[in-house]
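Take a look at the structure set out below.
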Amino acid sequence: MNFDKIIDRSGTNALKLEFRERLFGTNEVIPLWVADMDFKAPQEVVEAIRKRAAHPLYGYTNRDEEFFQRIVEWQKKRHRWHVSREWVEFMPGVVPTLIMAIQTFTNEGDKVVIQPPVYPPFFDVVKDHGRVIEENALLNTQKGYRMDFEHLDKITSSNDVKMLILCHPHNPVGRVWSREELTTLGAVCQKNNVLIVSDEIHADLVHGDQPHIPLASISPELAENTITCMAPSKTFNIAGLNTSYIIIPNEKLRKGMQKILQSSHLFTGNMFGAEALKAAYKDGEIWLDALLEYIRGNIDYVMDFAEENMPEVQIHKPEATYLMWLDFTAWGMSDAQLRKFMVEKAGLGLNYGPTFGSQGSNFQRLNVASSRKVIEKAMAQLLEARNQIAH
């Protein structure tokens, strides 16, 4: 588990490398944008994939009972959530799951609530399918981001609001929502007959004292009104295997999702993804704990570096994920100027803040799931470029 080792990803069709020219206009940037990691997956996962690949037939496959039992055991062990086997269903990815939920439980013209600044595909899955975005923007306070429950209650009281997509833990602001916050959110949505689809893909990547609490685990009433989306992909760096799952205690909701999964012919899945999930959830916990310690070190490094060298750059320390949300408002640049500066002066390929919503103006998202040396180099380049414009 040598997370310091720099692994060359060139020649692997890695998105974060191949899309640099398209996104930044040059390949000469350190790519710290797309949310995957530059770390080798757990050896147990690598061996499980190798073992399956050794069999020379790669036809259609299903998932065995172990696949589902590993999920049940993982939820109990990591999140203290007692999940019944029948609540769990395979899905080909969290974003496709969001699309299928929207298609199943809303109609064209219906409104779907999202809470920006938020993961950019949340906007797309609503707009691209003829639904209308209803924003319940997060409040950026000195103590971190908070939900605006008064505004949420107001907008969800409208009969045309049918669904809320929750990001939990939140990407990009790094919040791990507390039990109190989740309970209040759930009560508002239940009162106003709004279905909650909870994207909990970053559930295993929590850093602080606040644990991840699956929304549906809080009460039977909330469980009946929640579709939970999870995956091992972010946790174990296996996003390319397109394997995720939903947990839905409500039988009617579950059957609705199973029906659209079947009708879309997406149920066969990726054979290597199934083997990777089983191996990761069975034997990956030691690797994960070491990973979290390393990522926390990278987060602390960035926080300390910024405080010492560029204190005008505001950062709320993330409670989860390996993503950091950097506020460059004090630099007085327009979004276009900031983007140009990052690429041409600092040589960094970060995520452009406005893609997370208008609340992302003056922000950039930084992925710190790389070798410490890479993060140190990136911050040194940022400081050097900043000092040049400051004089």
Side-chain angles (χ1 to χ4, degrees), residues 62-106 162-169 177 179 182-183 185-187 189-190 193-204 206 211-236 242-264 266-270 273-278 280-282 284-285:
N62 197 6
R63 284 151 300 281
D64 58 16
E65 192 58 27
E66 183 188 357
F67 176 89
F68 297 96
Q69 287 303 322
R70 293 295 175 201
I71 293 170
V72 170
E73 292 166 6
W74 185 259
Q75 294 305 320
K76 181 180 179 180
K77 180 167 50 177
R78 295 297 291 198
H79 305 301
R80 300 181 181 178
W81 188 15
H82 295 270
V83 171
S84 296
R85 155 66 184 90
E86 62 268 20
W87 297 354
V88 185
E89 181 58 82
F90 162 81
M91 283 285 157
V94 169
V95 173
T97 301
L98 301 180
I99 293 170
M100 286 189 273
I102 285 171
Q103 291 176 328
T104 303
F105 301 111
T106 69
K162 303 298 183 183
M163 179 181 290
L164 178 144
I165 304 177
L166 175 67
C167 199
H168 172 46
W177 304 118
R179 182 177 296 275
L182 294 170
T183 300
L185 174 86
C189 290
Q190 286 176 279
N193 297 312
V194 173
L195 175 65
I196 303 171
V197 181
S198 186
D199 174 0
E200 304 188 14
I201 197 170
H202 292 281
D204 301 319
V206 171
H212 175 80
I213 303 171
L215 176 67
S217 71
I218 290 177
S219 70
E221 294 76 21
L222 258 178
E224 286 294 300
N225 193 47
T226 303
I227 295 172
T228 302
C229 309
M230 287 186 166
S233 52
K234 302 295 183 188
T235 309
F236 297 102
N242 297 101
T243 298
S244 72
Y245 54 93
I246 47 176
I247 302 175
I248 311 178
N250 184 313
E251 184 179 8
K252 183 178 180 181
L253 296 178
R254 188 169 64 251
K255 286 184 174 179
M257 291 298 289
Q258 289 170 333
K259 182 178 179 180
I260 194 169
L261 180 69
Q262 293 287 326
S263 64
S264 302
L266 295 171
F267 52 86
T268 53
N270 183 312
E275 297 305 316
L277 180 146
K278 290 187 291 185
Y281 281 178
K282 179 176 181 288
E285 204 163 19

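As a basis for the values below, the full set of heavy atoms in this structure was taken, side chains included, without hydrogen atoms, waters or symmetry mates.
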Between the CG atom in D204 and the NE2 atom in H212, the distance rounded to the nearest 0.5 Å is 8.0 Å

What is the distance from atom NZ of K234 to atom NE2 of H202, rounded to the nearest 0.5 Å?
5.0 Å

Does atom CD of E86 have more than 12 heavy-atom neighbours from other groups under 6.0 Å away?
yes

Residues, nucleotides or ligands: over 12 heavy atoms within 6.0 Å of K76 NZ:
no

Least distance between heavy atoms, P214 atom then E200 atom:
CA-OE1, 3.3 Å

Show the numbers, then the answer: is there a side-chain contact (heavy atoms from CB on, under 4.5 Å) between I102 and V197?
CA-CA 9 Å; I102 285 171; V197 181; over 6 Å; no

Within a strict 4.5 Å, meaning less than it, do heavy atoms of the R85 and E65 side chains meet?
yes

Any donor and acceptor pair, going by atom type alone, linking the side chain of H168 with main-chain N or O of I213 inside 3.5 Å?
yes

Output, in order, the C-alpha distance, side-chain angles, deciding distance and verdict of side-chain contact (heavy atoms from CB on, under 4.5 Å) for E285 and R78.
CA-CA 9 Å; E285 204 163 19; R78 295 297 291 198; 2.8 Å; yes

Which donor-acceptor pairs under 3.5 Å do side chains of residues 242-249 form with protein atoms, sequence neighbours excluded?
residue : atom : partner : partner atom : Å
T243    : OG1  : L241    : O            : 3.0
S244    : OG   : M91     : O            : 3.2
S244    : OG   : G93     : N            : 3.1
Y245    : OH   : Q75     : NE2          : 3.0
Y245    : OH   : Y281    : OH           : 2.9

Do the side chains of E66 and K282 get close enough for a salt bridge, i.e. N-O under 4.0 angstrom?
no

Contact between M257 and T97 at the side-chain level, heavy atoms closer than 4.5 Å - yes or no?
yes

T183 OG1 to E221 CD distance, which is reported to the nearest 0.5 Å:
11.0 Å

So which atom in I260 and which in S263 form the shortest heavy-atom distance, rounded to 0.1 Å?
O-OG, 3.1 Å

Assess the residue pair L182 and L166 against the criterion (side-chain contact (heavy atoms from CB on, under 4.5 Å)); give the C-alpha distance rounded to whole Å, side-chain angles, the decisive distance to 0.1 Å, and a yes or no.
CA-CA 10 Å; L182 294 170; L166 175 67; 4.1 Å; yes

Apply side-chain contact (heavy atoms from CB on, under 4.5 Å) to M100 and L261, showing your working.
CA-CA 8 Å; M100 286 189 273; L261 180 69; 4.3 Å; yes

Between R63 and G269, the two heavy atoms sitting closest are NH1-CA, 3.9 Å

What's the separation between atom CD1 in I227 and atom CD1 in I165, rounded to the nearest 0.5 Å?
10.0 Å

Can you check whether W177 reaches L215 side chain to side chain, under 4.5 Å on heavy atoms?
no

Which heavy-atom pair separates E89 from F68 by the least distance, and what is that distance?
CA-CE2, 4.3 Å

So which heavy atom on M163 is nearest to which on V194, and how close?
C-CG1, 3.5 Å

Tightest non-hydrogen contact, residues L195 and N225, listed as CD1-O, 3.4 Å

What's the separation between atom CG in L98 and atom CD in Q103, rounded to the nearest 0.5 Å?
11.0 Å

Quick one: are T228 and W81 in side-chain contact, heavy atoms under 4.5 Å?
yes

Mind checking the CG-CH2 spacing from L253 to W87? Nearest 0.5 Å is all I need.
13.0 Å

With a 3.5 Å distance limit and no angle check, can you tell me whether S219 reaches the backbone of L222 through a side-chain donor-acceptor pair?
yes

